[in-house]
Amino acid sequence: MDYNKLKQLRDGEYFGNMLGLKHIEVREGYASTELKVKREFINLQNTIHGGILLTLADVTGGTAACSYGNIVATVDNSYHFLRAREDIRMLRAEAKVIRAGRRLIVTEVLVSDEAGTLLGQGIFTYMPLDMPIA
């Protein structure tokens, strides 16, 4: 598996690209990403909208699941919003595969701010599709 190719493929994906999401590291069963916080991500409480945190976690977990060679689709997730903070400049997510089967791949994803404060944690399940990463 060419992890640099997977990184480039995921960084070029339209939705993640629009958000500004960048993959930092990709290897078998692991992915990390960063997302610079934009003003548009801030909600009425002056904290980051939960949809941004959940999206970052899902994309990062999906990349870790793709590291086995196929494009994946999210089939389930459970995400816990642990802390809301103001004045965050950068989000970081780290995903580790905790079970890689033929039909389902399960990841744990942690989302933190630039100071390393844990903002959320989730378990995401993906189904490998019959779409090899070329």
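The analysis underlying the following values was restricted to heavy atoms, covering all of them including side chains, and did not include hydrogens, waters or symmetry mates.
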Could you list the donor-acceptor pairs under 3.5 angstrom formed by side chains in residues 14-24, with sequence neighbours left out?
from, atom 1, to, atom 2, distance (Å)
H23, ND1, D11, OD1, 2.8
H23, NE2, T63, OG1, 2.7

Show me the side-chain donor-acceptor pairs of residues 121-134 shorter than 3.5 Å, one per line, residues at least two apart or across chains.
from, atom 1, to, atom 2, distance (Å)
Q121, NE2, E108, OE2, 3.3
Y126, OH, D58, O, 2.8
Y126, OH, D58, OD1, 3.2
Y126, OH, G62, N, 3.0

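Residues V97 and V106 fail the side-chain proximity criterion, which asks for heavy atoms closer than 4.5 Å. Inter-residue side-chain proximity for D113 and R85 is flagged as met; some heavy-atom pair is nearer than 4.5 Å. When side chains are defined from C-beta on, I71 counts as touching L9, because their heavy atoms get closer than 4.5 Å. The shortest distance between side-chain heavy atoms of L91 and L119 falls below 4.5 Å. The side-chain heavy atoms of D2 and L6, taken from C-beta on, include no pair separated by under 4.5 Å.
By the salt bridge (Lys or Arg N to Asp or Glu O under 4.0 Å) test, R89 pairs with E114, sequence neighbours left out. For E13, there are no side-chain hydrogen bond (donor to acceptor under 3.5 Å, both in side chains) partners at least two apart in sequence or on another chain.
Sorted by first and then second residue, the salt bridge (Lys or Arg N to Asp or Glu O under 4.0 Å) pairs involving residues 23-33 (not counting sequence neighbours) are E25-R27. Each ring-ring contact (aromatic ring centres under 6.0 Å, His included) pair with one or both residues in residues 32-88, not counting sequence neighbours, appears once here: Y79-F81.
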Item to check | CA sep, side-chain torsions, deciding dist, call: L54, N77, side chain to side chain contact (heavy atoms under 4.5 Å, CB included) | outcome: CA-CA 9 Å; L54 185 60; N77 72 74; 3.9 Å; yes
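T33 and T60 are linked by a side-chain donor-acceptor pair at a separation below 3.5 angstrom, with hydrogens and angles left out of the test.
The backbone N or O of I52 sits nowhere less than 3.5 Å from a side-chain atom of T55 that would complete a donor-acceptor pair.
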